[in-house]
Amino acid sequence: MKKYLKLLRTRHYLKNLLVFIPIFFNQTLFSGKFINALLGFLAFCMISSAVYIINDIKDVEKDRHHPTKRFRPIASGAVSVQKAKTIGIICLIFSIILTSFTKLYISIIFIMLYFVLNILYSGGLKNKPLVDVVILASGFILRVIYGAYLTGVPISGWLYLTIWTGAFYMGLGKRRNEIEKQKELGETRTVLKYYTYGFLDKNMYVCVALANVFYALWAVGHDDQRFLWSAPILMIVLMKYSLDIEGNSDGDPIEVILHDKVLIALISVFAAYLFFILYF
């Protein structure tokens with residue numbers, strides 16, 4: 001079972017919680033809209049697993065020579081390519097079925113757009129500078145737009161901008177750390193030859209600064225002064241995240257978060273504080 005969970009990359013399902021962002025901030029988390037959001041979350045889990053499997057199949061030979069990726073189920077031979085293809089197709093079909101249960105059939109377009117973008121990414125766009133980072137960031141914002149459509153909830157422009165810039169920050173940080181570690185790991189991702197460490201470093205910190213500013217502008221737009229206090233908490237969360245990726249990290253957002261209990265605690269405090277002021 002463990003090898004199949006690794007194949008599906010269930011740890012990365014955390015990103016799909018973004019589907020709940022619209023109803024969380026709209027204070028309708030405990031309304032009937034939750035069912036559609038939950039179906040959307042499960043659908044995105046399935047489609048993201050399908051994408052990871054396709055990517056692992058495509059890169060299997062390269063992964064077998066990588067110091068850490070060679071332990072992935074397909075690269076290590078724990079799961080055969082044929083079996084992985086079957087599981088990937090099942091995930092894709094289940095994703096469409098789960099989305100169809102919402103009876104908002106246009107939402108399938110969002111799922112397929114995410115799927116196609118990532119197939120194009122694996123097929124060569126990951127080697128195009130800036131395009132690669134835009135696709136990585138668009139995966140985050142697509143989850144939010146999808147969640148907003150499924151629940152019929154509008155979301156603040158400031159929050160959209162916060163998520164966009166936050167996603168760019170994480171994407172640029174991942175590339176920056178890949179440059180830093182490529183000699184150590186003996187890996188040379190094609191797109192890295194177009195980037196410099198300084199370019200990625202400067203732009204990722206511009207993005208994190210903008211994310212803090214956009215969130216602060218959203219917070220000051222409320223009459224309730226308690227929202228203001230959430231802005232410095234977010235700043236502390238992002239500073240801790242930055243401190244982690246400045247250390248010995250490959251920059252993958254999920255790995256960074258799951259390997260730091262203090263960061264998990266800070267994120268929990270931020271979410272709990274927002275929950276309190278939104279719902280009490």
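Just so you know, these numbers use all the heavy atoms, side chains as well, and skip hydrogens, waters and symmetry mates.
No donor-acceptor pair under 3.5 Å is formed between the side chain of D63 and the backbone N or O of R70. With hydrogens and angles ignored, the 3.5 Å screen pairs no side-chain donor or acceptor of T28 with any backbone N or O of S31. Within the 3.5 Å criterion, the main-chain N or O of V208 finds a donor-acceptor partner in the side chain of N212. For R143 (side chain) and G139 (main-chain N/O), a donor-acceptor pair under 3.5 Å exists by modelled atom type. Between the side chain of N203 and the main chain of L172, no donor-acceptor pair closer than 3.5 Å is present. Side-chain N or O atoms of K240 include none that pairs as donor or acceptor with a backbone N or O of L263 at under 3.5 Å. Listed for the Y279 side chain is a donor-acceptor partner under 3.5 Å among the backbone atoms of L29. Side chain of D56 to backbone of I54: no donor-acceptor contact under 3.5 angstrom is found. At distances below 3.5 Å, at least one donor-acceptor pair connects side-chain atoms of T165 with backbone N or O atoms of L161. Formation of a donor-acceptor pair under 3.5 Å by the N118 side chain with backbone atoms of Y121 is not found in this model.
Considering every non-hydrogen atom in both S122 and K58, the closest pair reads O-CE, 3.1 Å. Minimum heavy-atom separation, I254 to R11: CG2-O, 3.6 Å. Nearest heavy atoms, S156 versus W218: OG-CD1, 3.4 Å. Across all non-hydrogen atoms, the minimal contact from I53 to A84 is CG2-O, 3.3 Å. Between V153 and P22, the shortest heavy-atom distance links the atoms CG1-O, 3.4 Å. The shortest heavy-atom contact between S107 and T102 is OG-OG1, 3.9 Å.
The closest side-chain heavy-atom distance from Y4 to P73 is not below 4.5 Å. Between S242 and Y169 there is a side-chain heavy-atom pair separated by less than 4.5 Å. Taking 4.5 Å as the limit, some side-chain heavy atom of Y195 sits within range of a side-chain heavy atom of V133. Counting heavy atoms from C-beta outward, Y241 and V237 have side chains that stay 4.5 Å or more apart.
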Given the rule in the side-chain contact (heavy atoms from CB on, under 4.5 Å) test, do S138 and Y114 qualify, once you have shown the distances and angles that lead to the verdict?
CA-CA 8 Å; S138 66; Y114 175 83; over 6 Å; no

Evaluate the side-chain contact (heavy atoms from CB on, under 4.5 Å) criterion for residues L142 and L18: first the C-alpha distance (whole Å), next the side-chain angles of each, then the deciding distance (0.1 Å), finally the verdict.
CA-CA 9 Å; L142 261 178; L18 287 170; over 6 Å; no

Carefully, step by step, assess Y13 and F41 under the rule ring pair (Phe, Tyr, Trp, His ring centres under 6.0 Å).
CA-CA 9 Å; Y13 288 174; F41 169 78; 7.1 Å; no

Go through it in stages, so that I can follow the logic: the residues are D201 and Y205, the test is side-chain contact (heavy atoms from CB on, under 4.5 Å), and I'd like the CA-CA distance, side-chain angles, deciding distance and then a yes or no.
CA-CA 6 Å; D201 189 63; Y205 283 112; 3.4 Å; yes

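No hydrogens or angles considered: a donor-acceptor pair under 3.5 Å links the side chains of S230 and Y215. Using a 3.5 Å distance cut-off with no hydrogens or angles, the side chains of R176 and Y197 do pair a donor with an acceptor. With no hydrogens or angles considered, a side-chain donor-acceptor pair links T99 and Y146 at under 3.5 Å.
For the side-chain hydrogen bond (donor to acceptor under 3.5 Å, both in side chains) with Y52, the lone residue among H12, R72, K6, R9 that qualifies is H12.
Ring-plane geometry between F110 and Y149 is classed as tilted, the angle between the planes lying from 30 to 60 degrees on a 0 to 90 degree scale. The aromatic rings of F30 and F275 sit perpendicular, their planes meeting at an angle over 60°, well past the 30° parallel limit.
Within a 6.0 Å sphere centred on CZ of F94, other residues, nucleotides and ligands contribute 12 heavy atoms or fewer.
Both M204 and I236 belong to a single network of hydrophobic side chains, linked directly or stepwise wherever heavy atoms of I, L, V, M, F, W or Y lie under 4.5 Å apart. Both F34 and L39 are members of a single hydrophobic cluster when ILVMFWY side chains are connected at heavy-atom separations under 4.5 Å. Both L234 and I264 are part of a single hydrophobic cluster, where members link through side-chain heavy atoms under 4.5 Å apart. In terms of hydrophobic clustering, with Ile, Leu, Val, Met, Phe, Trp and Tyr side chains grouped at heavy-atom distances under 4.5 Å, L14 and I163 are assigned to a common cluster. Hydrophobic clustering (ILVMFWY, side-chain heavy atoms < 4.5 Å, transitive): L228 and F25 are in distinct clusters.
Under the 6.0 Å cut-off for aromatic ring centres, W164 and F214 do not qualify, their centroids lying 6.0 Å or more apart.
D132 and K128 are not joined by a salt bridge, as no carboxylate oxygen comes within less than 4.0 angstrom of a charged side-chain nitrogen. Checked for salt-bridge contact, K126 and D59 meet the test: a charged N lies under 4.0 Å from a carboxylate O.
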